[in-house]
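Reading through the structure tokens given below for one structure.
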Amino acid sequence: MSTETPQPPESELPEQMRVRLAKRADMLAAGVEPYPVSVERTHTLREVREAHPDLAVDVATGELVGVAGRVMFLRNTGKLCFATLREGDGTELQAMLSLALVGEDELARWKASVDLGDQVFVHGEVITSRRGELSVMADAWQMASKAVRPLPNTHTELSEEMRVRQRYVDLIVRPQTREMVRRRAQVLRALRDVLHGRDYVEIETPILQLLHGGATARPFVTRANALDQELYLRIALELYLKRAVVGGVERVFEINRVFRNEGIDSTHSPEFTMIEAYQTYATYDDIADVTRAMIQAAACAVFGSTTVHHVDGSVHDLGGEWRSVTLHGVLSDTIGTDVTPDTPIADLREIAVKNDIELKDGLTAGEIVLELFEELVEHTLVAPTFVRDYPVEVRPLTRQHRDDPRLAEAWDLYVFGTELATGYSELVDPVVQRERLTAQSLKAAAGDPEAMQLDDDFIRALEYGMPPTGGMGMGVDRLLMTLTGLGIRDTILFPLVRSE
RNA sequence: GCGCCGUUAGCUCAAUUGGCAGAGCAGUUGACUCUUAAUCAACGGGUUCGGGGUUCAAGUCCCUGACGGCGCACCA
């Protein structure tokens with residue numbers, strides 16, 4: 001060891017880090033920069049590969065290139081060294097260093113300073129080895145960035161915790177993780193493309209809010225020092241998008257993060273990405289078509305068709321029209337008993353008892369129907385299914401049904417047994433909306449932490465007249481899960497983890 | 001929040017009834033000009049998650065805390 005790095009007490013570091021730090025120090029002592037500002041890269045590894053798709057064995061092209069990548073394999077033999085370089089998209093290319101070409105000193109310097117995981121630059125001729133491997137035969141090489149921490153071994157699976165806590169390592173080691181990053185980008189782009197194609201305008205609305213609303217969920221609370229006031233992180237996008245609709249943004253959407261202070265598990269993250277879209281002079285039927293178009297476009301963006309491939313190997317077609325049922329209808333079909341908005345509470349409770357479902361006291365008929373649906377039907381809806389016409393009391397932001405005032409013009413979209421999206425014919429009557437939110441705020445005052453607050457400014461906006469509007473909301477992470485079959489923590493690049 | 005299971009070398013894991021803490025990969029040294037999970041030889045590497053206890057003796061048993069996984073509850 002020639003130079004000390006006083007920061008962390010070296011004796012407490014693992015042996016392999018001490019060795020690598022010593023190599024870094026030795027390079028500095030020899031006047032070699034382990035972290036140069038740049039290197040003379042002329043080609044990406046992919047470009048070299050694409051320029052020479054099928055060279056014969058043991059061929060020299062005469063083409064000189066400068067390439068760089070992370071060392072993923074290293075085979076230092078006596079007078080001929082091999083390294084497999086990899087760049088960000090996963091493309092790999094072999095570098096070879098021979099005593100004859102680089103000389104004794106440079107070969108020794110390579111062996112002494114290069115470890116698995118280092119970023120290196122290699123200049124030389126594009127050749128194929130005697131075994132036919134496309135390679136760059138080096139005439140010069142340079143460290144591009146010395147890795148002082150060793151990579152995990154690449155022959156065993158990384159632990160789940162390591163993959164989430166050190167996602168950068170997961171990205172280096174696992175192609176599936178790199179693929180998810182790109183798939184998420186493809187999905188976001190597809191969603192935007194569909195909406196832009198229909199003349200929607202993307203806007204950004206406040207994340208820090210004085211009141212929480214637009215959904216029933218526990219919010220995160222924070223504080224604005226300058227205002228000396230508590231603020232909430234938004235739980236939904238809805239109420240501000242509707243303000244924009246009132247103001248004349250007649251087709252509007254937002255894709256961004258919302259925050260819910262609730263359980264964390266394989267399908268729930270405290271922050272997740274929502275898309276909400278609103279279109280004036282549209283109904284919940286129109287917005288269902290938009291939603292289907294978005295999901296099918298997302299599938300095509302990822303898989304090239306509406307046939308999706310899950311990580312468990314299963315294949316599912318999300319193409320064509322989707323099944324549409326009513327809430328009461330699908331519940332009736334499932335349990336074999338007719339349930340309608342007229343079914344008395346006593347009868348509904350009897351169905352619950354028969355099916356071993358415990359119900360809280362004081363529920364309305366509509367709330368019981370919804371509970372029965374969630375317990376008995378939801379998990380059976382594997383193929384995409386719009387479930388329509390919910391009890392009006394469980395959809396406080398939706399207009400009453402044109403044919404039955406006890407129902408709301410709302411649908412939920414279920415795929416693979418879970419809810420993926422929701423859509424409404426929006427409630428635009430300010431008087432009815434005030435009544436509904438007042439009822440919600442009474443529940444909040446009574447201690448329900450998930451109930452909506454009465455947002456007077458939102459009501460005031462409606463009082464100026466909001467056009468008839470259809471709206472939808474969808475969890476983007478859920479969409480990724482639907483397309484790939486992964487858990488939510490695999491669809492979010494950097495999910496929340498507890499401190500180590 | 002409640003319950004169950006787990007945490008051992010850089011990584012992935014093993015360790016019988018409580019009896020010397022091990023393997024593969026990675027690392028160090030040496031050999032090798034066609035390797036590609038290279039091979040061969042030798043060597044090094046441990047606060048067994050933290051704290052406390054029982055015991056002649058604790059990775060192993062008990063208590064406690066942290067973190068993780070699964071189930072339940074809440075929810076998208």
Side-chain angles (χ1 to χ4, degrees), chain A residues 12-20 22-23 57-58 71-86 92-102 107 111-112 115-117 127-135 137 147-166 169-170 172-173 214-219 235-236 258-276 358 360 374 378 412-415 418-422 448-450 473-479 481-482 487-489 491 497-500:
Chain A
E12 291 180 12
L13 287 175
E15 180 200 20
Q16 295 190 54
M17 283 195 68
R18 292 200 302 269
V19 168
R20 285 165 180 252
K23 289 177 178 177
V57 167
D58 203 9
V71 177
M72 297 307 294
F73 294 112
L74 194 58
R75 296 170 288 280
N76 287 346
T77 65
K79 302 186 179 67
L80 182 64
C81 297
F82 302 85
T84 302
L85 307 187
R86 185 153 82 199
E92 295 185 345
L93 188 67
Q94 178 167 271
M96 297 168 65
L97 289 89
S98 75
L99 177 67
L101 267 174
V102 300
L107 196 64
K111 289 184 190 177
D115 289 302
L116 280 178
I127 64 157
T128 52
S129 72
R130 278 180 211 161
R131 294 293 178 87
E133 182 80 30
L134 187 66
S135 308
M137 178 59 90
V148 297
R149 197 177 281 273
L151 287 179
N153 87 66
T154 49
H155 314 310
T156 51
E157 286 277 298
L158 269 188
S159 68
E160 170 86 15
E161 187 175 1
M162 179 94 164
R163 294 207 291 111
V164 172
R165 282 192 188 275
Q166 300 187 41
V169 175
D170 191 26
I172 291 168
V173 167
T216 50
R218 290 182 191 225
I235 57 173
V258 299
F259 307 84
R260 297 189 185 177
N261 207 343
E262 292 170 343
I264 303 175
D265 61 28
S266 64
T267 58
H268 298 87
S269 168
E271 56 177 301
F272 61 101
T273 300
M274 281 272 291
I275 178 169
E276 288 191 22
E358 284 189 33
K360 281 184 283 189
E374 288 173 353
E378 176 172 348
D412 279 2
L413 173 63
Y414 288 87
V415 188
T418 57
E419 185 188 339
L420 175 60
T422 184
D448 182 347
E450 295 171 7
M474 174 165 60
V476 174
D477 320 274
R478 278 277 169 93
L479 175 56
M481 294 161 68
T482 298
I488 197 166
R489 271 150 71 94
T491 72
V497 287
R498 288 195 210 219
S499 62
E500 289 178 69

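Just so it is clear, the structure is predicted and the values come from calculations on it, not from any experiment. Per chain, numbering begins at 1; letters A, B, ... match sequence-line order.
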Rounded to the nearest angstrom, tell me the gap between atom [atom1] in [X] and atom [atom2] in [N].
X: A:M162; N: B:rA9; atom1: CE; atom2: C1'; result: 14 Å
X: A:E157; N: B:rA37; atom1: CD; atom2: P; result: 18 Å
X: A:Q16; N: B:rG46; atom1: CD; atom2: P; result: 12 Å
X: A:K360; N: B:rA73; atom1: NZ; atom2: P; result: 12 Å

Using atom [atom1] of each nucleotide, how far apart are [N] and [M] to the nearest Å?
N: B:rG10; M: B:rC56; atom1: P; value: 34 Å
N: B:rA26; M: B:rC11; atom1: P; value: 15 Å
N: B:rU39; M: B:rA21; atom1: C1'; value: 29 Å
N: B:rG19; M: B:rA58; atom1: C1'; value: 10 Å

- Want to settle it: does A:N76 or A:T156 sit nearer the 5' end of RNA chain B, counting the closest nucleotide to each?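 Its nearest nucleotide lies further toward 5', so the answer is A:T156.
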- 5'-most contact on RNA chain B: A:I127 or A:A215, nearest heavy atom basis?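 By nearest-heavy-atom nucleotide position, the 5'-most residue is A:I127.
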With a 4.0 Å cutoff (strictly under), does any side-chain N or O of [X] reach OP1 or OP2 of [N]?
X: A:R75; N: B:rA38; result: yes
X: A:K111; N: B:rU29; result: no
X: A:T77; N: B:rU33; result: no
X: A:R165; N: B:rC67; result: no
X: A:R489; N: B:rG69; result: yes

From [options], pick the nucleotide closest to the side chain of [X]?
X: A:M137; options: B:rG10, B:rC34, B:rC74; answer: B:rC34
X: A:E161; options: B:rC34, B:rC67, B:rU28; answer: B:rC67
X: A:L116; options: B:rG10, B:rG27, B:rC32; answer: B:rG27
X: A:E15; options: B:rA76, B:rG45, B:rU33; answer: B:rG45

Touch check for [X], heavy atoms < 4.0 angstrom, all strands: base, sugar-phosphate only, or nothing?
X: A:S159; value: sugar-phosphate
X: A:A100; value: base
X: A:L420; value: nothing
X: A:M274; value: nothing

- Message: Closer than 3.5 angstrom, by distance alone: can the side chain of A:S269 be matched with the main-chain N or O of A:E271 as a donor-acceptor pair?
- Response: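 Between the backbone of A:E271 and the side chain of A:S269 there is a qualifying donor-acceptor contact (under 3.5 Å).
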- Donor-acceptor under 3.5 Å (A:T128 side chain, A:D58 main chain):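 Yes, because the side chain of A:T128 sits within donor-acceptor range (under 3.5 Å) of the backbone of A:D58.
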- Message: Could you measure the distance from the CG atom of A:L479 to the CE atom of A:M274? Nearest 0.5 Å is fine.
- Response: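 Here the interatomic distance stands at 12.5 Å.
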- Compare all side-chain heavy atoms of A:L420 with those of A:M481 and state whether any distance is below 4.5 angstrom.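 No, their side chains stay 4.5 Å or more apart.
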- Message: Tell me whether A:F73 and B:rA37 count as stacked here, given that the ring centres must be under 5.5 Å apart and the planes must differ by less than 30 degrees.
- Response: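 A:F73 ring does not meet the centre or angle cut-off for B:rA37; no stack.
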- Item | Heavy-atom pair of closest approach, residues A:V71 and A:L151 |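 Taking every non-hydrogen atom into account, O-CD1, 4.5 Å.
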- Message: If the threshold is 4.0 Å, N to carboxylate O, is there a salt bridge linking A:R163 and A:E160?
- Response: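 A salt bridge is present here (some side-chain N lies under 4.0 Å from a carboxylate O).
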- Note on the structure: Note, RNA chain B 5' to 3' with Watson-Crick or G-U pairs under 3.5 Å encoded as ( ), [ ], | and . gives (((((((..((((.....[..)))).(((((.......))))).....(((((..]....))))))))))))....
